[in-house]
Amino acid sequence: MTLRVYNTLTGSKEEFETIEEGKVKIYSCGPTVYDYFHIGNARAFVVPDIIKRYLEYKGYQVTHVLNFTDVDDKMIKRADEEGINIQQLADRFITAFFEDAQALNLKKADFYPQATEHISEMIELIKDLLTKDYAYQSEGDVYFRIEKFDDYGKLSKQKVEDLEAGARVDVSNKKENPLDFTLWKRASEEPRWDSPWGAGRPGWHLECSVMSRKYLGDRFDIHTGGVDLVFPHHENEIAQSEACCGQQVVNYWLHNGYINIDGEKMSKSLGNFFTTREILSKYPAKVVRLFLIAKHYRSPINFSDQELENTATGLARLENAIEKINYLVEQEAVAGQLDGTELKELATEKKEKFMAAMDDDFNTALAIGALYELAKEVNRFVNSEDFELTQSVKEVLVEIEQLFKELGEDVLGIELTAEAGKDEQLVDSLVELLLDVREEAREKQEYQLADQIRDRLSELGVEVKDTPQGSQWKLS
RNA sequence: GGUGGCAUAGCCAAGUGGUAAGGCCGAGGACUGCAAAUCCUCUAUCCCCAGUUCAAAUCUGGGUGCCACCUCCA
């Protein structure tokens with residue numbers, strides 16, 4: 001199966017081909033580190049994480065860059081309010097970013113460049129653009145001359161004339177064209193850096209052009225970000241990079257949809273947002289993650305507690321099936337005739353469905369459906385009348401356990417298997433002991449005692465389930 | 001005004017030509033000493049109108065409604 005991805009640049013799904021065989025280079029627009037990131041931002045980090053995981057699963061060697069914007073108006077304003085400098089502000093929220101990212105089970109990127117560490121490279125790029133006449137100076141500022149760049153608007157599918165018509169009135173007459181955007185902005189106060197055009201700050205769009213080139217090269221495969229970045233951010237990034245390099249820089253532009261609240265975009269400016277850490281304090285991280293990938297990445301997701309609750313219930317169903325497998329796999333096989341071939345074929349079928357779904361523009365919603373179907377087949381099989389844990393069946397269950405691990409945990413990043421810690425060994429033994437006693441009571445039909453044991457274990461957070469294969473338990 | 005997108009059961013959500021995956025909730029049943037878990041069954045003429053086709057949720061045209069971008073925003 002070949003992977004197909006929807007490319008914003010062409011407006012269609014295309015077969016995915018790498019620039020360099022077996023390698024994929026990805027650049028993701030990261031956060032402006034002036035605050036904790038909200039659940040909508042989280043989606044923009046989880047989406048490339050899934051893409052990266054799936055590509056790695058398919059055998060590609062992935063290089064991933066995620067940047068931190070640490071200088072812009074929001075940073076300066078916030079730092080002023082806090083009475084600290086932007087460096088301190090950035091440090092604080094970059095630390096917070098990594099805490100939340102780890103909770104969300106985001107794999108580490110290979111590089112986390114910061115804008116302020118690349119000022120000199122940005123200045124070099126501006127010089128180059130000036131030399132090539134794609135930029136001009138105006139009263140200490142430097143602007144990009146969009147009219148000079150013929151392809152301007154190709155990403156957002158907008159005509160320059162239409163954009164001009166819709167452009168907000170620009171009071172300053174510094175620009176030749178209201179759509180020209182800032183490459184260098186004169187600044188009399190800190191933060192500011194020296195440049196051939198006087199002290200100032202870089203324009204926002206510049207950092208991504210500079211840092212993607214520095215860490216990924218003149219051309220790379222995938223660029224991700226939220227749809228709101230299509231225009232102007234990515235449009236301008238293309239203009240800068242391509243004006244400078246004279247060739248197409250990014251092959252595939254992938255944009256994720258928003259998280260909405262009551263049908264409206266979640267955003268800091270509207271004030272209708274929840275920070276990721278707020279959400280993580282209320283729901284297990286894997287539930288949050290599953291919620292974020294339960295819908296196709298380009299569609300909007302409406303955020304609600306109800307949906308998070310539903311997701312949690314659904315996840316428990318998947319986990320129950322896997323716990324059952326984990327339990328069975330640890331039991332001794334019995335002699336018998338039951339053959340696992342049929343179950344194995346079903347598992348293979350579901351895996352193929354999963355892969356086909358992911359190959360179709362990372363259709364996680366459909367892929368998750370395949371996982372649920374597999375769980376159902378397993379439940380059906382192990383709960384059937386003639387079920388017996390023969391060696392053949394056990395082998396297939398081990399394979400299915402592995403499959404859930406690969407697809408659910410490695411690709412989707414959702415922890416599905418209960419992992420026993422070292423200090424839980426004693427707990428294990430003690431609970432097993434009590435369950436042995438309870439089993440004896442049950443055999444003697446002393447149900448009152450049996451129930452008492454179960455109830456009191458329940459009070460202690462140990463849930464007991466009686467199944468035809470024996471009593472199972474887990475910590476609730 | 002320009003541009004892009006969306007409209008599928010009570011809710012969430014897949015599905016680009018051959019009479020609708022999956023999840024949540026609900027009803028009934030099976031299993032069970034009781035629970036829990038699980039399984040089975042039931043619940044959709046796919047926003048409206050017209051057209052193309054042997055055949056349309058899926059293509060075309062026209063409506064209606066909603067969202068987003070054009071200003072910082074994932």
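Below, each value reflects all heavy atoms present in this structure, side chains not excepted, and no hydrogens, waters or symmetry copies. Letters A, B, ... mirror the listed sequences (proteins, then strands); counts begin at 1. Note that this is a predicted model, so its numbers are computed, not measured.
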Task: Pairing nucleotide - B:U32, Watson-Crick or G-U, each distance under 3.5 Å - done: none
TODO: From the options B:A68, B:C70, B:A74, select the nucleotide whose nearest atom is closest to the side chain of A:Met266.
DONE: B:A74
Task: With sequence neighbours excluded, residues passing side-chain hydrogen bond (donor to acceptor under 3.5 Å, both in side chains) with A:Tyr327 - done: none
Task: Residue matched to B:U16 through Watson-Crick or wobble contacts both under 3.5 angstrom - done: none
Could you run down the sub-3.5 Å N/O contacts of the protein with nucleotides 33-37 of chain B?
{"unit_1": "B:G33", "atom_1": "O6", "unit_2": "A:Arg442", "atom_2": "NE", "d": "3.4"}
{"unit_1": "B:G33", "atom_1": "N1", "unit_2": "A:Asp451", "atom_2": "OD1", "d": "3.0"}
{"unit_1": "B:G33", "atom_1": "N2", "unit_2": "A:Asp451", "atom_2": "OD2", "d": "2.6"}
{"unit_1": "B:C34", "atom_1": "O2", "unit_2": "A:Arg454", "atom_2": "NH2", "d": "2.6"}
{"unit_1": "B:C34", "atom_1": "N3", "unit_2": "A:Arg454", "atom_2": "NH1", "d": "3.1"}
{"unit_1": "B:C34", "atom_1": "N3", "unit_2": "A:Arg454", "atom_2": "NH2", "d": "3.3"}
{"unit_1": "B:C34", "atom_1": "N4", "unit_2": "A:Asp466", "atom_2": "OD2", "d": "3.2"}
{"unit_1": "B:A35", "atom_1": "N6", "unit_2": "A:Asp466", "atom_2": "O", "d": "3.0"}
{"unit_1": "B:A35", "atom_1": "N1", "unit_2": "A:Asp466", "atom_2": "N", "d": "3.0"}
{"unit_1": "B:A35", "atom_1": "N3", "unit_2": "A:Arg454", "atom_2": "NH1", "d": "3.2"}
{"unit_1": "B:A36", "atom_1": "N1", "unit_2": "A:Asp466", "atom_2": "O", "d": "3.2"}
{"unit_1": "B:A37", "atom_1": "O3'", "unit_2": "A:Asn320", "atom_2": "ND2", "d": "3.3"}

- [ ] Identify the nucleotide, in any strand shown, that forms a Watson-Crick or G-U wobble pair with B:C42, with both distances under 3.5 Å; if there is none, say none.
- [x] B:G26
Open item on the list: Any donor-acceptor pair under 3.5 Å linking the side-chain atoms of A:Asn236 with those of A:Gln240?
Closed with: no
Open item on the list: Considering every strand and a 4.0 Å limit on heavy-atom distances, what is the contact class for A:Lys353: base, sugar-phosphate, or nothing?
Closed with: sugar-phosphate
Open item on the list: Applying side-chain contact (heavy atoms from CB on, under 4.5 Å), can you list everything that pairs with A:Thr364, at least two apart in sequence or on another chain?
Closed with: A:Ile50, A:Ile293, A:Met358, A:Leu412
- [ ] Tell me, please, which residues at least two apart from A:Thr390 pass side-chain hydrogen bond (donor to acceptor under 3.5 Å, both in side chains).
- [x] none
Task: RNA chain B contacts among residues 44-53 of chain A, heavy-atom distance under 4.0 Å - done: A:Ala44
- [ ] For A:Glu377 and B:U38, give me the distance from atom CD to atom C1', rounded to whole Å.
- [x] 13 Å
- [ ] List the steps and the verdict of side chain to side chain contact (heavy atoms under 4.5 Å, CB included) for A:Ser212 and A:Lys25.
- [x] CA-CA 10 Å; A:Ser212 64; A:Lys25 294 177 177 177; over 6 Å; no
Open item on the list: Under a 3.5 Å cut-off for both contacts, is B:A57 paired Watson-Crick or G-U wobble with anything, and if yes, with which nucleotide?
Closed with: none
Open item on the list: Which nucleotide, if any, forms a Watson-Crick or G-U wobble pair with B:C72, using both distances under 3.5 Å?
Closed with: none
TODO: Sort and list the pairs that fulfil salt bridge (Lys or Arg N to Asp or Glu O under 4.0 Å) and have at least one residue in residues 94-105 of chain A, not counting sequence neighbours.
DONE: A:Glu99-A:Arg277, A:Asp100-A:Arg277
- [ ] Could you tell me whether A:Thr313 contacts a base, only the sugar-phosphate backbone, or nothing, with contacts defined as non-hydrogen atoms closer than 4.0 Å?
- [x] sugar-phosphate
Open item on the list: Here's a test of your reading of the structure: between A:Leu270 and A:Ser156, which maps to the more 5' nucleotide of RNA chain B?
Closed with: A:Ser156
- [ ] Sort out the partner of B:C47 for me: Watson-Crick or G-U wobble, both distances under 3.5 Å, none otherwise.
- [x] B:G63
- [ ] Whole angstrom is fine here: how far is it from CG in A:Asn67 over to C1' in B:A74?
- [x] 12 Å
Open item on the list: Base, sugar-phosphate or nothing for A:Lys159? Non-hydrogen atoms, less than 4.0 Å.
Closed with: nothing
TODO: Please name all residues satisfying salt bridge (charged side-chain N to carboxylate O under 4.0 Å, His left out) with A:Glu319, sequence neighbours left out, ordered by chain then number.
DONE: A:Lys286
Task: By side-chain contact (heavy atoms from CB on, under 4.5 Å) - contacts of A:Lys282 (at least two apart) - done: A:Asp305
Open item on the list: Rounded to whole Å, please give me the gap between OH in A:Tyr258 and P in B:C66.
Closed with: 19 Å
Task: A:Asp73: side-chain contact (heavy atoms from CB on, under 4.5 Å) partners, not counting sequence neighbours - done: A:Arg201
Open item on the list: Using a 4.0 Å heavy-atom cut-off, does A:Lys268 contact any base of the nucleic acid, only the sugar-phosphate backbone, or nothing at all?
Closed with: nothing
Task: With A:Glu81 via salt bridge (charged side-chain N to carboxylate O under 4.0 Å, His left out) - residues at least two apart - done: A:Lys77
- [ ] For A:Glu207 and A:Thr69, test the side chains for any donor-to-acceptor distance below 3.5 angstrom and give the result as yes or no.
- [x] yes
- [ ] Name the nucleic acid region contacted by A:Gly40, choosing base, sugar-phosphate or nothing; use a 4.0 angstrom heavy-atom cut-off, strictly under.
- [x] base
Open item on the list: Nearest to the A:Tyr372 side chain among B:C72, B:G23, B:A74, which nucleotide is it?
Closed with: B:G23
Open item on the list: If I take atom CG in residue A:Asn260 and atom P in nucleotide B:A74, what distance separates them, rounded to the nearest angstrom?
Closed with: 15 Å
Interface polar pairs with nucleotides 13-17 of chain B, N/O, under 3.5 angstrom:
{"unit_1": "B:A13", "atom_1": "OP1", "unit_2": "A:Lys295", "atom_2": "NZ", "d": "2.2"}
{"unit_1": "B:A14", "atom_1": "OP1", "unit_2": "A:His296", "atom_2": "N", "d": "2.9"}
{"unit_1": "B:A14", "atom_1": "O3'", "unit_2": "A:Asn363", "atom_2": "ND2", "d": "2.9"}
{"unit_1": "B:G15", "atom_1": "OP1", "unit_2": "A:Asn363", "atom_2": "ND2", "d": "2.7"}

Task: side-chain hydrogen bond (donor to acceptor under 3.5 Å, both in side chains) contacts touching residues 453-462 of chain A (sequence neighbours left out) - done: A:Asp451-A:Arg454
Task: Distance test, side-chain N/O of A:Lys350 to OP1/OP2 of B:A21, below 4.0 Å - done: no
